[in-house]
Each structure stands twice: as C-alpha cells, then as structure tokens.
Amino acid sequence: MEEEEEPERRRGWVWISLAVLVIILIAVLCFVYLKPLLQPEEEEPVEEVKEEYVPEVLPTYDFYYTQEGNAVNLSITKITEGNVLDTLQVVLSPEYSFTWRNSEEVVIEDKLTLEVKPNRLIGFFGEEYLLIARHKAEREEIFVESIYLEPEKYETSEMPLIQTEAVAGDAVGKIAIFFDSAQMHRREFEGTEPKQEYQFLVLETKVKNTGNIKTEISFEDPYVILKTNKNIYYEAIELPSFEGELLPGEENASRVIFEIPRSQGGSEVYMDVQVQGDGVEFILEVPGARTSTLWPF
C-alpha cells in the first residue's frame, strides 16, 4: 500500500509546484504590465522659451542754430532712425539760473525748425543763456550751446513800447517811454551837492500815449541801471515815477538821476519796470548831455 501511495504523493507535489510557478509567473507578468498603469504619469518637461532682448535704439539728430538779435532759431534734422518713439525737449534758459520750466517738446519726423524763446526775462544789459536739447524720457542732453542775449535796445530817436492793449476794433492803447534830454550837474542840483569828483546825470524821462484811446499808466518798482562810456554800472539815486491816465498824444514827464564820476559819461540805461502788473525791460541810449556849468568844479 505504501508503494502505491508514493507515486500519488509525488504527482501531488508536482502539481503544487506547477501551480506555484504559474502563480509566480502571473504575478511577475502583472507587475510588469500593470506597474506603468499604477504609477502617476510623469509630466514631460516644458522647454523654457527665452524672450530675445532687443535694446532700445534712439534716433540721432543734427542741430544747427541761427541768431539775429534775440531771435534764436534751431533746426533739427533726424540722421538715423531708432526703434522707439523719441520726444525732444528744447529750452533756452539763463546759465546762472537754469531751469527746464516752459521748455518745448517736439517729435522730429524728418526736419523741423523752431523759434526758441527765452523761458525767463533777459536780465540787466545781457547775460549768457544755454540752448539745450535732450531726449525727454532719458533726460540725456544731446545738444548744448551758449548764447548771449540782450534786452531790446533803442536809440534816442526811438520810443520803445512798454504797454499795448487792443480794446475793440480800431481802438488801441499804446504807451511808450523815452529820454527827452540829459544834463550834467557838477556842482549841485536842487540844493544837493555830488560827492567829490562826482557829478549828477539827470535824464528827463517821458511817457507818451501813442495809441488812440485814453490809457492808464502806472510804474511799479522800477529797477534802473546806467552803463557809462567806461562800461561801469551805477544804480539810479532817483527813480522815474508815473501814475495816471493819458489822452492820445499826451505826455507825462518824470526824471531819473545818477551820481557818476566826472571822468565818465552816460552810455545806456537799462530799465526793468512793472507796468500795470506786466514786467517790461529794455535798454535806452543816453542822449548827449549838456553841462549845467562851464566850471569843472
């Protein structure tokens, strides 16, 4: 009996071994084929796109200016194109009190000529101004020129206009100022004696209504300086004073007095006056002066 059971037992172990091998094979196959499905899908790396940097290129320009008196014209020509819209700032400002206030802004398509006016009144007998152009965005100056400007000058035969007012139709108010005469006083004037080796220069000053309607005139805080024939400057010791209304053709007289050395004579007078709130400045030529006495002392 035991010999008959032995083959049966062996066949049982064979089948069990085969079953185990089949299970192991199935497990291996499942692991191989099911593992990719069970694992989370890896995202493909996204290639980083780098933007190409394009530097800004500004246009280039050529500058040329002309000056006739206080009229300054600046011609700007574009030489090369850029890749950005460029706005230029242009200013004509005093060198010693420079400011970009009231500057002009222009875009140059091809060529442009503009009249550049001072952004501040011209002081004294003249001063240095800077004519500057720059890129507005970058504030980079690309043109700088020094220009000397003077206030308007008038000869003794001329009448500088210090006020004008268009009223209606043909009605126009105009006021002009001029020196009617000049006189030297070496010894005394109205009871006052000049310093030793000095003399008084008295300029009879008049304002005239050169318009065709009645016009009011009022000087406020005048600043008056004399330049002598030796280019030395003296402030007035008595200022002109005007107040009231003038009919067409009517004049009003005042005077301005300087105390200067006897060895010098008057050449030009600079005036900076406020006329009814408006600032006006100009230079008047001094007429030939008569001496009040033949004695030099």
Side-chain angles (χ1 to χ4, degrees), residues 49-154 158 160-166 172 174 220-223 225 227 231 233 268 270-284:
V49 179
K50 295 183 178 181
E51 295 184 3
E52 184 180 355
Y53 173 71
V54 179
E56 292 185 350
V57 179
L58 293 170
T60 60
Y61 306 91
D62 182 51
F63 297 89
Y64 175 76
Y65 84 94
T66 60
Q67 178 183 0
E68 185 174 349
N70 290 337
V72 178
N73 292 306
L74 180 64
S75 296
I76 309 173
T77 304
K78 183 182 287 186
I79 302 300
T80 62
E81 292 287 348
N83 59 8
V84 294
L85 181 63
D86 186 31
T87 300
L88 296 182
Q89 278 184 299
V90 180
V91 73
L92 183 59
S93 186
E95 181 175 356
Y96 297 106
S97 56
F98 183 85
T99 175
W100 281 95
R101 187 177 302 167
N102 300 324
S103 61
E104 297 189 56
E105 297 184 3
V106 293
V107 176
I108 309 299
E109 298 294 340
D110 181 28
K111 183 177 181 179
L112 178 68
T113 299
L114 64 151
E115 181 182 357
V116 188
K117 297 183 178 180
N119 64 354
R120 286 188 177 178
L121 289 176
I122 304 170
F124 205 56
F125 285 87
E127 57 183 321
E128 292 289 342
Y129 275 67
L130 291 178
L131 175 62
I132 302 181
R134 72 178 182 181
H135 299 294
K136 180 183 177 182
E138 288 73 15
R139 298 188 177 184
E140 176 190 357
E141 297 178 359
I142 53 179
F143 176 77
V144 180
E145 190 70 37
S146 180
I147 298 175
Y148 190 78
L149 298 180
E150 297 177 320
E152 290 293 330
K153 286 187 177 184
Y154 297 89
E158 297 178 295
L161 185 69
I162 62 172
Q163 179 194 7
T164 180
E165 180 183 1
V172 178
K174 291 182 180 180
E220 305 165 24
D221 301 323
Y223 178 63
I225 296 289
K227 181 171 76 172
N231 293 327
Y233 303 98
E268 297 174 337
Y270 165 80
M271 282 195 178
D272 181 2
V273 298
Q274 292 283 327
V275 182
Q276 298 178 356
D278 294 329
V280 185
E281 59 177 345
F282 48 87
I283 295 174
L284 290 176

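Ionic pairing of Glu268 and Lys227 is present here: one or more N-O contacts between side-chain nitrogen and carboxylate oxygen are shorter than 4.0 angstrom.
Looking at every heavy atom in both residues, Pro151 comes nearest to Gly126 through CD-N, 3.8 Å. Summarising the geometry of Phe125 relative to Ile225, their closest heavy-atom pair is CZ-O, 3.6 Å, with the distance given to 0.1 Å. The two atoms that bring Pro59 and His135 nearest to each other are O-CE1, 3.9 Å, heavy atoms only.
Looking only at distances, no side-chain donor or acceptor of Asn70 sits under 3.5 Å from a matching main-chain atom of Leu149. Under a 3.5 Å cut-off, the side chain of Thr60 and the backbone N or O of Thr80 do form a donor-acceptor pair. No donor-acceptor pair closer than 3.5 Å links the side chain of Glu150 to the backbone N or O of Glu152. In this structure, the side chain of Glu128 does not engage the main chain of Tyr96 through any donor-acceptor pair within 3.5 Å.
The line from CG of Asp110 to CD of Glu81 is 8.5 Å long, rounded to the nearest 0.5 Å. One distance of note links OG1 of Thr77 with NZ of Lys111; it measures 4.5 Å at 0.5 Å rounding. Within the model, atoms CG of Leu58 and CG of Asp86 stand 5.0 Å from one another, a figure rounded to the nearest 0.5 Å. Here the CD1-CG distance, from Ile132 to Leu74, works out to 12.0 Å after rounding to the nearest 0.5 Å.
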Please output the side-chain donor-acceptor pairs of residues 113-124 that fall under 3.5 Å, not counting sequence neighbours, one pair per line with the distance.
unit_1: Thr113; atom_1: OG1; unit_2: Ser75; atom_2: OG; d: 2.9
unit_1: Asn119; atom_1: OD1; unit_2: Ser93; atom_2: OG; d: 3.2
unit_1: Asn119; atom_1: ND2; unit_2: Ser93; atom_2: OG; d: 3.4
unit_1: Asn119; atom_1: ND2; unit_2: Thr99; atom_2: O; d: 2.9
unit_1: Asn119; atom_1: ND2; unit_2: Arg101; atom_2: O; d: 3.0
unit_1: Arg120; atom_1: NH1; unit_2: Ser97; atom_2: O; d: 3.1
unit_1: Arg120; atom_1: NH1; unit_2: Ser97; atom_2: OG; d: 3.2

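Under the salt bridge (Lys or Arg N to Asp or Glu O under 4.0 Å) criterion, Glu281 pairs with no residue at all, not counting sequence neighbours. Residues forming a side-chain contact (heavy atoms from CB on, under 4.5 Å) with Ser103 (at least two apart in sequence, or on another chain): Gln89, Val91, Trp100.
Annotation: side chain of Tyr154 is in contact with side chain of Phe282 (closest heavy-atom distance under 4.5 Å). Ser146 is listed as a side-chain neighbour of Leu130, based on a closest heavy-atom distance under 4.5 Å.
Figure legend: Lys78 and Tyr61 shown without cation-pi pairing, the cationic atom not lying both under 6.0 angstrom from the six-membered ring centre and within 45 degrees of its axis.
Looking at Glu105 and Thr87, their side chains never bring a donor and an acceptor atom within 3.5 Å of each other.
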### Task
Check the pair Val72 / Leu92 against side chain to side chain contact (heavy atoms under 4.5 Å, CB included), numbers first and verdict last.
CA-CA 9 Å; Val72 178; Leu92 183 59; 4.0 Å; yes
### Task
Kindly indicate, with the supporting measurements, whether the criterion side chain to side chain contact (heavy atoms under 4.5 Å, CB included) is fulfilled by Leu131 and Val144.
CA-CA 6 Å; Leu131 175 62; Val144 180; over 6 Å; no
### Query
Please walk me through it: do Tyr223 and Tyr270 pass side chain to side chain contact (heavy atoms under 4.5 Å, CB included)?
CA-CA 8 Å; Tyr223 178 63; Tyr270 165 80; 3.8 Å; yes
### Task
Before giving the answer on side chain to side chain contact (heavy atoms under 4.5 Å, CB included), spell out for Ile142 and Leu88 the whole-Å C-alpha distance, their side-chain angles and the decisive distance to 0.1 Å.
CA-CA 10 Å; Ile142 53 179; Leu88 296 182; 3.8 Å; yes
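The number of heavy-atom neighbours closer than 6.0 Å to OH of Tyr64, taken from other residues, nucleotides and ligands shown, is 12 or below.
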